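Let me begin by presenting the structure, written as structure tokens, before commenting on it.
Note: hydrogens, waters and symmetry copies are ignored here, and every other heavy atom, side chains too, is used. In each ligand, atom 1 is the first atom listed, and ligand 1 is the first ligand listed. No experiment lies behind these values; they were computed from the predicted model shown.
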Amino acid sequence: MQPFIQLRDVDIAFPVFDAQSLGLINSLVRFSGLHGRRAAGPAPMRSVQALHGINLSLQPGDRIGLIGHNGAGKSTLLRVLSGVYEPVRGEMRQHGSISALTDIMLGMDPEASGLDFIITRGIVMGLSKREAGEWVQEIGAFTELSERLHMPVRTYSTGMLLKLAFAVATAITPDILLMDEVVGAGDAKFQERAQKRLHDLMARVSILVVASHNEQLLKSFCSHALVLRQGTIAHRGTVDDCLDFYHANP
Ligand SMILES: Nc1ncnc2c1ncn2[C@@H]1O[C@H](COP(=O)(O)OP(=O)(O)OP(=O)(O)O)[C@@H](O)[C@H]1O
């Protein structure tokens, strides 16, 4: 079966607990009813509607850019596509291997060595232990961390951690690649190599979804785009068409 992603009428809402409702003392006060009838009720809660009524169908060859102001819902949509968030309403169906360059440091155990991290991630991504072992040399050379890979990752600098996570996340070619902006890892020299690795990867995958404010990047790598506004799809079309819409409707 060919890779695909399909979203039908998807909503995502985040429950937000008031800071006042958290904490032991507040809970005790509520429980004892000291603040009268109103305070004795359930903890007040609000909800942020991050996505609403999203319909999307992606097939092999689709290269989609997500455009939108801060808070429009781009990262949330990527997290739905990668399976991190489950819709509170609607449905998502997908087939194919997915690599999400959104939360690349997620699940990194500070006590594990760089080598352990590479091998564990490789196995999670479906490689055999031998295949994952073959990554080690390539990733060691790419990150220039060769010797440090034997040490626990808690001893790495932030830049070193990011380099390692980036190198591992981009080491295999998935069917579907999801990206939030372009990951900015490491120093200027590493950035140059990272950009090339990323561009090669974007060109190879079957389905690409990238959220970015970089119009040149969207024009180079995407055929189509979606403009998100307050959690809904406000416009769909070619990248140029969507950028025009985005600028005309601030
Ligand atoms: N964990 C969360 N809890 C509560 N609200 C959230 C959470 N994550 C996102 N939101 C809210 O959901 C909405 C969409 O956020 P999202 O991060 O998807 O926007 P974005 O388009 O990626 O923004 P940016 O360009 O700034 O990265 C925003 O209103 C945001 O405040």
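Between H235 and F245, the angle of the ring planes stays under 30°, which puts this pair in the parallel group of the 30/60° scheme.
Closer than 4.0 angstrom to ligand 1 sit non-hydrogen atoms from F14, V48, A50, H69, N70, G71, A72, G73, K74, S75, T76, H213.
Among residues at least two apart or in separate chains, there is no salt bridge (Lys or Arg N to Asp or Glu O under 4.0 Å) pair with a member in residues 52-74. Applying the ring pair (Phe, Tyr, Trp, His ring centres under 6.0 Å) test to every pair with at least one member in residues 126-165, sequence neighbours left out, gives these pairs: F142-F190. Among residues at least two apart or in separate chains, there is no ring pair (Phe, Tyr, Trp, His ring centres under 6.0 Å) pair with a member in residues 92-126.
Salt-bridge formation is detected for the pair D200/K196: a Lys NZ or Arg NE/NH1/NH2 atom is positioned less than 4.0 Å from an Asp or Glu carboxylate oxygen. A salt bridge is defined here as a Lys NZ or Arg NE, NH1 or NH2 lying under 4.0 Å from an Asp or Glu carboxylate O, and E138 with R197 meets this definition.
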